[in-house]
Amino acid sequence: GGRQVAKITQAGERRVLKFAIDELAVAKPKIWDGRWYLVSYDIPKNFETLRNIFREYLRAWGFYPLHESVFLHAYPCEKQVEFLREYLGIGEYVRIFAVSKIENDKPFKDFFGV
């Protein structure tokens, strides 16, 4: 009927998703809700490149490195982390926790300015 259909290849789809990830950021709300967001991961050694990529995005998004495989953020970030872990295919190795209290949290409050 005079219509043209374009189909994106799998490689093209990955490029589009990569661009989307590069545009993601964790937004700072006007008022902090008092919740902390912990991202914990246990990515196997044979996925070292993916583990490094995941860690670098967390750092770029302003996460605080709490422990070797645990990062902290003060602002809602579940959608960004979910998107990244699915894009990298490491969803089963990554967990997100929303917590209301962390003891001795002054250094983290200072880091995030809350």
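Residue pairs that meet the side chain to side chain donor-acceptor pair (under 3.5 Å) test with at least one member in residues 91-105, sequence neighbours left out, do not exist here. For residues 40-66, the salt bridge (charged side-chain N to carboxylate O under 4.0 Å, His left out) pairs, not counting sequence neighbours, are Glu56-Arg59.
Shown here for Leu88 and Leu50, the closest heavy-atom pair between the two residues is O-CD1, 3.5 Å.
Taken to the nearest 0.5 Å, the CD1 atom of Ile96 stands 10.5 Å off from the CG atom of Leu38.
For the pair Arg85 (side chain) and Val94 (backbone), a donor-acceptor distance under 3.5 Å is present.
Legend: residues meeting side chain to side chain donor-acceptor pair (under 3.5 Å) with Asp110, ordered by chain and number and at least two apart, are Lys106. Every ring pair (Phe, Tyr, Trp, His ring centres under 6.0 Å) that Tyr64 has, sequence neighbours left out, goes to Phe108, Phe111. Ala98 pairs by the side chain to side chain contact (heavy atoms under 4.5 Å, CB included) definition with Arg35, Tyr37, not counting sequence neighbours.
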Given side chain to side chain contact (heavy atoms under 4.5 Å, CB included), test Leu24 with Leu84 step by step and report yes or no. CA-CA 9 Å; Leu24 286 177; Leu84 178 61; 5.9 Å; no
Stepwise, does the side chain to side chain contact (heavy atoms under 4.5 Å, CB included) test hold for Phe47 with Ile53? CA-CA 10 Å; Phe47 294 130; Ile53 291 168; over 6 Å; no
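Inter-residue side-chain proximity for Phe54 and Ile90 is flagged as met; some heavy-atom pair is nearer than 4.5 Å.
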Acceptor/donor pairs from residues 68-80 side chains to any protein atom, 3.5 angstrom cut, sequence neighbours excluded:
{"from": "His73", "atom 1": "ND1", "to": "Tyr75", "atom 2": "N", "distance (Å)": "3.2"}
{"from": "His73", "atom 1": "NE2", "to": "Trp61", "atom 2": "O", "distance (Å)": "3.1"}
{"from": "Tyr75", "atom 1": "OH", "to": "Phe112", "atom 2": "O", "distance (Å)": "2.9"}
{"from": "Gln80", "atom 1": "NE2", "to": "Ala25", "atom 2": "O", "distance (Å)": "2.9"}

